[in-house]
Student: 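Have a look at this one before I ask anything.
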Amino acid sequence: MPGSDGSFAVAHPNIALVKYWGKRDEDLVLPCADSLSMTLDVFPTTTQVRLADCLAHDVVIVDGAVDRGETARRVTGFLDLVRERAGRTERAMVVTRNTVPVGAGLASSASAFAALALAAASTYGLSVEPVELSRLARHGSGSAARSVFGGFVIWHAGGPDHPDPDLASYAEPLVNARLDLALVAVLLDTGPKPVSSREAMRRTVKTSPLFPGWLAAARGDLTAMREALTRGDIATVGEIAERNALGMHQTMESAVPPVHYRTPASYRVLEEVRRMRACGAQAWATMDAGPNVKVLCAGDNAERVARELRQLSGCVAVVARSGPGATLDRAVR
Ligand code: DP6
């Protein structure tokens, strides 16, 4: 039971090796295809949800400042769903702290909604069983479904013919994956992105002539990625992840109007990664809804890859490894 301080939860971002890009149902946040990720051990989000009977509306405090904009609107929308399911009406005070720059394509919404889902479910008395929690977190932000779990995680799109599509779309750990994979995040620009990933995804589905091809390729990538992770085959994992990410960007760049997250600085890092590979290094790039490039490599090679990228790009490069799933944290005050 939550105490008078409510519940505190901690969750980490995840990086998709096979991306989620396209919804088949915007209201239920149902993706067009399965996706697969690794939860990271850096940039956690900590969220406290406390019932506040005296309030007429929810209060959302992000990194020390009251939010009255889009973030507060999404948090309240999410809490409305939690309250509806719990049969409760109390408003809440939500205090959240990110350690990752918000809006920079570093999956901050994944850790944010995974932590919020866990803290809110615990405070309002809903189940905190992880698979159920992943379904709930999905409603806040699709990629948050995966941050409920640690390590390698698959998010099932669920068949469109399933009698209850909400039930059919959930995340779970990929139990037989065995690979010491690390990621070097090259932070080029941590400002807010020009177009939200939600809007960019919507526009891509509606207007990109490449979207059907992207979906077919992503489905193939998922099967091949699962096999490569089971074999512990880092070269195949890296190749699939890089081509999947570049395919996602090409697809959104062909939307009308196009969505461009890649900047000249991103292209320079992508080129460096190709050059490092040509010199024999095992390093592959991936990108999300922002200009920053993340470089996948073997765990025992990560510090060397990070050093080289810092020298070449002059940028901050952070090493991340496989991290834990979302947890209730009673120690945080
Ligand atoms: C590029 O989960 O942020 O990071 O469901 O609309 O909130 P919404 O989108 P979001 O999209 C993440 C997209 C991505 C790829 C991925 O993480 O799979």
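We count ligands from 1, going down the list as the structure has it; atoms in each ligand are counted the same way.
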Student: In the structure I gave you, are the side-chain heavy atoms of F152 and M225 within less than 4.5 Å of one another anywhere?
Tutor: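 Result no, sub-4.5 Å side-chain heavy-atom pair not found.
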Student: Quick one: sort the Y170 and H156 rings into parallel, tilted or perpendicular, breaks at 30° and 60°.
Tutor: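 Correct class here is tilted.
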Student: Examine ligand 1 and decide if any of its atoms is less than 4.0 Å from a heavy atom belonging to S109.
Tutor: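 The answer is yes, since S109 has a heavy atom less than 4.0 Å from ligand 1.
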Student: What atoms in ligand 1 come closer than 4.0 Å to a heavy atom of A16?
Tutor: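 Counting from 1, the qualifying ligand atoms are 16 (C), 17 (O), 18 (O).
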Student: Any donor-acceptor pair under 3.5 Å linking the side-chain atoms of T204 with those of W21?
Tutor: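 Yes - a donor-acceptor pair under 3.5 Å links their side chains.
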Student: Looking at K19, which atoms of ligand 1 are within less than 4.0 Å of one of its heavy atoms?
Tutor: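 Close to K19: 15 (C), 18 (O).
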Student: Numbering the atoms of ligand 1 from 1, which are under 4.0 Å from a heavy atom of R198?
Tutor: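 What qualifies from ligand 1 is 5 (O), 6 (O), 7 (O), 8 (P).
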Student: Give a yes-or-no answer on whether the side chains of S147 and S111 include a donor-acceptor pair shorter than 3.5 Å.
Tutor: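 Their side chains do not contain a donor-acceptor pair, so the 3.5 Å distance test is not met.
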Student: I'd like to check which ligand 1 atoms, numbered from 1 as shown, lie under 4.0 Å from a non-hydrogen atom of R74.
Tutor: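 Those qualifying, in numeric order: 7 (O).
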Student: Measuring from the heavy atoms of M287, does anything fall under 4.0 Å of ligand 1?
Tutor: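 Contact check M287 vs ligand 1: negative.
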Student: Answer yes or no: does an N/O atom from S197 fall short of 3.5 Å to an N/O atom of ligand 1?
Tutor: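 S197 vs ligand 1: N/O contact under 3.5 Å present.
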Student: Mind checking whether R146 has an N or O less than 3.5 Å away from an N or O of ligand 1?
Tutor: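 The answer is yes, given that R146 and ligand 1 share an N or O pair closer than 3.5 Å.
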Student: Would the distance check show the side chain of R178 and the main-chain N or O of R231 forming a donor-acceptor pair, the cut-off being under 3.5 Å?
Tutor: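 Such a contact is found between R178 side chain and R231 backbone.
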Student: Just to verify, which of N244, D221, D288 counts as forming a side chain to side chain donor-acceptor pair (under 3.5 Å) with K19?
Tutor: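 Single pass found, and it is D288.
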Student: Here's a test for you: under side-chain contact (heavy atoms from CB on, under 4.5 Å), which of L36, V29, D34 qualifies with Y20?
Tutor: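 The residue from L36, V29, D34 that satisfies side-chain contact (heavy atoms from CB on, under 4.5 Å) with Y20 turns out to be V29.
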Student: Identify which of M201, K23, E199 has a heavy atom lying nearest to atom 6 (O) of ligand 1.
Tutor: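 Comparing heavy atoms across M201, K23, E199, the nearest one to atom 6 (O) of ligand 1 lies in K23.
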Student: Short list, please: which atoms of ligand 1 are under 4.0 Å from a heavy atom of W21?
Tutor: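 Matching atoms, with element in brackets: 1 (C), 13 (C).
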Student: So is S35 polar-close to ligand 1, meaning N/O to N/O under 3.5 Å?
Tutor: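 There is no such contact.
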Student: Would you say CZ of R321 has more than 12 non-hydrogen atoms from neighbouring residues, nucleotides or ligands within 6.0 angstrom?
Tutor: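 Yes - once you tally the heavy atoms of other residues, nucleotides and ligands closer than 6.0 Å, there are more than 12.
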